[in-house]
Amino acid sequence: METTLTMPAAAPVQKQQGLNQVVINKVRRMVEGRQQDVMGTITRLLAEGKIAQDYIAPIGVNRRNGEQRPVVSFKAAGRVQLSMPEGDFSLHANAIGQVSEKMGIPAKYLRELSAGAAWQKQLCATILNEHSGWTERTRVLVRTVGTEVRGILSDSYRRLNSVEILTAFIREAANQGAVVSDAYMNDTKVWCETILPTPIEIPTRKNGTVVIFAGARFSTSDYGNGSVDMRSFLLNGACLNGMVRESVMRQVHLGAKLPDSMALSQKTYELDTQTTVSAVSDLTKGLYSRDTLMQKAVEIQGAAEVDVDFDKELRQLVQRGALLKNEGREVEKLLMNNNPDDGVTGGATLWKLTQGITAFARAQQPERCRELHEISGQLLNRVKVN
């Protein structure tokens with residue numbers, strides 16, 4: 001009698017344990033395979049930090065007061081350049097967009113000019129010089145890396161040491177037993193994901209057992225392309241689909257006006273950095289707490305109970321600009337294929353929709369991939385957790 005009762009229960013447990021080990025090995029290989037990218041990100045962040053420089057640049061009304069010639073001007077020489085007493089600096093597209101917004105020039109138009117033919121670059125410089133001469137703004141913070149301007153920011157921009165903040169995030173994640181699973185840095189932003197190496201089994205009624213590796217994502221930009229941001233990170237072990245949930249920290253880089261001498265703001269720079277380091281450490285610990293992990297498991301179970309119309313959902317995502325038309329079509333194909341290797345199985349639920357989006361994200365460029373992780377995670381906001 002006892003044998004009859006226990007055997008059916010033991011077999012599924014043993015099978016699930018075997019599946020979990022397969023998933024653990026798969027995730028371990030993924031983490032090991034991405035360590036070169038992780039080290040490359042950290043190396044680049046350190047290297048660019050050594051050659052980064054901040055300048056307070058007078059423009060507009062302020063620059064004309066008592067000046068026969070402008071302190072700051074723009075010219076075209078191969079690339080659109082910013083000329084300051086310290087030298088000539090090429091302008092990154094991010095900086096072009098920022099300066100256009102500060103001067104009331106359509107950003108898309110100016111970026112197109114700056115990337116165009118020689119006459120277009122010259123026109124871009126002429127427009128910038130003309131607007132710079134008349135804008136009411138008086139000062140900006142210019143952030144350079146070597147001879148390139150990466151950001152043209154408010155003179156109230158809060159300067160922070162990203163190396164120290166990222167290090168604090170990785171250190172606290174390690175204290176919680178997590179490992180760095182991936183990291184990426186482009187010219188203006190850095191991301192880092194960490195996960196616990198032990199999976200969480202989440203049984204769902206309509207989408208089978210979901211095996212999740214829970215963790216945290218950190219991102220920041222030194223050049224005005226996003227705030228200091230912390231989010232829960234979820235990795236579906238079966239397919240390596242990633243997802244992030246709502247932000248638990250969006251610290252905008254705004255503070256008091258910077259002094260004319262950057263050396264005078266060094267103390268503030270150090271204090272602001274330490275305050276942010278402390279906040280990031282505390283939030284990282286919170287993201288790995290048992291309560292947080294349980295809440296994410298309940299959200300997934302809840303999402304697997306919400307029936308949705310995929311065609312309607314994807315159409316709405318395209319209409320509001322979250323997905324491009326071609327992206328919507330590709331996600332729809334993945335949902336229709338119903339392939340377990342994509343994490344797409346079972347009924348037409350909200351959870352399955354999120355996995356279709358994140359399965360599509362796997363093959364996209366790193367920046368777009370992470371944007372899709374956020375779009376997918378936002379869909380779980382519909383799930384009400386008591």
Side-chain angles (χ1 to χ4, degrees), residues 19 23 26-27 30 182 191 193 195 199-217 231-247 292-386:
L19 291 172
V23 168
K26 185 176 184 179
V27 171
M30 180 207 76
D182 202 5
W191 294 263
E193 291 93 16
I195 57 170
I200 302 171
E201 294 176 34
I202 306 171
T204 71
R205 193 166 61 87
K206 298 180 181 179
N207 298 114
T209 298
V210 178
V211 181
I212 286 291
F213 291 76
R217 170 184 289 173
R231 295 171 183 262
S232 291
F233 178 68
L234 304 172
L235 182 75
N236 188 331
C239 51
L240 306 183
N241 292 347
M243 174 194 288
V244 291
R245 293 293 289 115
E246 72 280 359
S247 174
T292 298
L293 299 181
M294 287 298 296
Q295 182 189 39
K296 300 311 163 193
V298 171
E299 285 177 351
I300 290 171
Q301 285 184 321
E305 290 292 324
V306 179
D307 295 319
V308 298
D309 180 333
F310 290 148
D311 183 61
K312 178 182 176 182
E313 295 284 343
L314 291 172
R315 189 165 59 248
Q316 289 177 344
L317 286 167
V318 170
Q319 286 174 348
R320 71 169 191 253
L323 295 179
L324 300 174
K325 281 187 178 180
N326 66 303
E327 291 178 332
R329 287 193 294 268
E330 292 303 315
V331 172
E332 185 177 26
K333 288 179 186 176
L334 288 165
L335 291 168
M336 295 304 103
N337 287 342
N338 213 45
N339 188 344
D341 291 339
D342 291 325
V344 180
T345 57
T349 67
L350 185 63
W351 175 250
K352 188 174 181 179
L353 175 63
T354 69
Q355 293 309 287
I357 294 170
T358 53
F360 171 73
R362 294 198 311 258
Q364 307 312 302
Q365 292 296 317
E367 296 94 333
R368 184 54 179 161
C369 176
R370 287 166 170 83
E371 289 171 355
L372 291 166
H373 287 174
E374 294 185 17
I375 291 166
S376 175
Q378 286 167 4
L379 293 172
L380 293 194
N381 291 340
R382 297 188 206 170
V383 179
K384 304 301 180 185
V385 179
N386 294 328

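Residues: numbered from 1 along the sequence shown.
- Considering only residues two or more places apart in sequence or on other chains, Q365 meets the side-chain contact (heavy atoms from CB on, under 4.5 Å) condition with E367.
- Legend: residues meeting side chain to side chain donor-acceptor pair (under 3.5 Å) with K296, ordered by chain and number and at least two apart, are absent.
- Among all heavy-atom pairs drawn from D311 and D309, the shortest one is N-OD1, 3.1 Å.
- The two residues V318 and L324 come nearest to each other via the heavy atoms CG2-O, 3.8 Å.
- The two atoms that bring A304 and T204 nearest to each other are CB-CB, 3.6 Å, heavy atoms only.
- Atoms NZ and CD, from K384 and E299 in turn, are 11.0 Å apart once rounded to the nearest 0.5 Å.
- Inter-residue side-chain proximity for I212 and N236 is flagged as met; some heavy-atom pair is nearer than 4.5 Å.
- Scanning all heavy atoms of the two residues, the minimum distance from T345 to P340 falls at CG2-CA, 3.4 Å.
- The main-chain N or O of P203 is found under 3.5 Å from a side-chain atom of Q301 such that the two form a donor-acceptor pair.
- The shortest side-chain heavy-atom distance between E246 and S232 does not fall under the 4.5 Å cut-off.
- Atom CE of residue M30 and atom CG of residue D182 lie 6.5 Å apart, to the nearest 0.5 angstrom.
- Each of N338, D307, N207 was checked for a side chain to side chain donor-acceptor pair (under 3.5 Å) with K352, and the lone residue meeting it is N338.
- To the nearest 0.5 angstrom, Q355 atom CD is 11.0 Å from L379 atom CG.
- A donor-acceptor pair under 3.5 Å links the side-chain atoms of K26 to the main chain of A238, judged by distance alone.
- By the 4.5 Å heavy-atom criterion applied to side chains, R382 and V308 are counted as neighbours.
- R329 and E332 are not joined by a salt bridge, as no carboxylate oxygen comes within less than 4.0 angstrom of a charged side-chain nitrogen.
- No side-chain heavy atom of E193 sits under 4.5 Å from any side-chain heavy atom of L235.
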For E371 and Q364, what are the C-alpha separation, side-chain angles and deciding distance, and is it a side-chain contact (heavy atoms from CB on, under 4.5 Å)? CA-CA 10 Å; E371 289 171 355; Q364 307 312 302; over 6 Å; no
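- Here the closest heavy-atom approach between residue A322 and residue I375 is recorded as O-CD1, 3.2 Å.
- Under the side-chain contact (heavy atoms from CB on, under 4.5 Å) criterion, M294 pairs with R290, not counting sequence neighbours.
- Checking D342, L372, N241 one by one against T358, the side chain to side chain contact (heavy atoms under 4.5 Å, CB included) holds for a single residue, N241.
- Side-chain N/O atoms of R217 and H373 include a donor and acceptor closer than 3.5 Å.
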L317 vs V331, test: side-chain contact (heavy atoms from CB on, under 4.5 Å). Steps then yes/no. CA-CA 11 Å; L317 286 167; V331 172; over 6 Å; no
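- When all heavy atoms of V344 and L334 are compared, the pair lying nearest together is CG1-O, 3.8 Å.
- One finds the CD atom of Q295 at 8.0 Å from the CZ atom of R245 (value rounded to the nearest 0.5 Å).
- Remark: S376 OG to W351 CH2 distance equals 7.0 Å, nearest 0.5 Å.
- From L314, atom CG reaches atom NZ of K325 across 14.0 Å, with rounding to the nearest 0.5 Å.
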